[in-house]
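Positions are given from 1, in the same order as the sequence printed here. In listed order, ligands and their atoms are each counted from 1.
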Amino acid sequence: MVLKVWFLTISLVAFLFACQESPKHQDEFSQQTPAEQGASLYSMHCAQCHGEDGKLGASGAKDLSASKLSDAEMVKIIKQGKGAMPSMKALLETNQNINLVLSHIKGLRP
Ligand code: HEC
């Protein structure tokens, strides 16, 4: 348990460093299409638990490609977190980003 918390702390710190890297990162982001932005946000904030294909299941994460939840239910979990999943609201920053990620994870369904 302690180890797990450490791992999460370290990944978070590493992540924060990666984000501060350079303002160039932001420019690249704004030049991407909405689909690319959704994919980038997903890779940055979700893939470590859910996997790029949604099926990884790290830390007990649900398989997103098999999710039967409605948009509203998913947005609620993204904003508030659930069980071992922390709230992603602060990391995603805006409702627009939440919607971009939402479109991306719906695209993981068969
Ligand atoms: C720290 C690991 C972790 C991260 C990061 C994470 N999740 Fe999760 N996620 C989980 C866990 C664990 C669950 C299962 C929660 C439960 O039902 O107890 C879950 C469940 C979900 C569900 C519900 C799926 C279902 O069918 O029940 C959605 C949707 C979801 N996550 C989306 C996301 C998105 C989008 C992101 C990125 C913005 C994200 N998650 C980041 C761990 C994570």
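The proximity of Pro86 to ligand 1, defined as any non-hydrogen pair under 4.0 Å, is limited to the side chain. Heavy atoms of Leu92 found under 4.0 angstrom from ligand 1 belong exclusively to the side chain. Contacts between Leu41 and ligand 1 below 4.0 angstrom, taking non-hydrogen atoms only, are absent altogether. Contact annotation for Met88 and ligand 1: only side-chain heavy atoms (C-beta onward) come within less than 4.0 Å of the ligand.
Within the 2.8 Å limit, His50 places at least one N, O or S atom next to atom 8 (Fe) of ligand 1. The nearest N, O or S atom of Met85 is closer to atom 8 (Fe) of ligand 1 than 2.8 Å.
For ligand 1 and Ile78, the ligand atoms under 4.0 Å from any heavy atom of the residue are 35 (C). Which parts of ligand 1 touch Ser59 is read off a 4.0 Å heavy-atom cut-off, strictly below it: atoms 12 (C). Within the listing of ligand 1, atoms 12 (C) sit less than 4.0 angstrom from a heavy atom of Ala84. Close contacts of ligand 1 with Cys46, meaning ligand atoms under 4.0 Å from a residue heavy atom, involve 34 (C), 35 (C), 36 (C), 37 (C), 38 (C), 39 (C), 41 (C). Of all the atoms in ligand 1, the ones that sit under 4.0 Å from a non-hydrogen atom of Val101 are 35 (C).
Of the candidates Val101, Leu100, Asn95, Ile98 forms a side-chain contact (heavy atoms from CB on, under 4.5 Å) with just one, namely Asn95.
The two residues Leu64 and His50 make their nearest non-hydrogen contact at CG-ND1, 3.4 Å. Across all their heavy atoms, Lys55 and Ser65 have their closest contact at CE-OG, 3.2 Å.
Where the criterion is an N or O separation shorter than 3.5 Å, residue side chain and backbone included, Ser67 meets it with respect to ligand 1. Close N/O approach between Lys62 and ligand 1 is found [any backbone or side-chain N/O within under 3.5 Å].
Annotation: side chain to side chain contact (heavy atoms under 4.5 Å, CB included) contacts of Ala66 (sequence neighbours excluded): Asp63. Under the side chain to side chain contact (heavy atoms under 4.5 Å, CB included) criterion, Glu36 pairs with Gln32, Thr33, not counting sequence neighbours.
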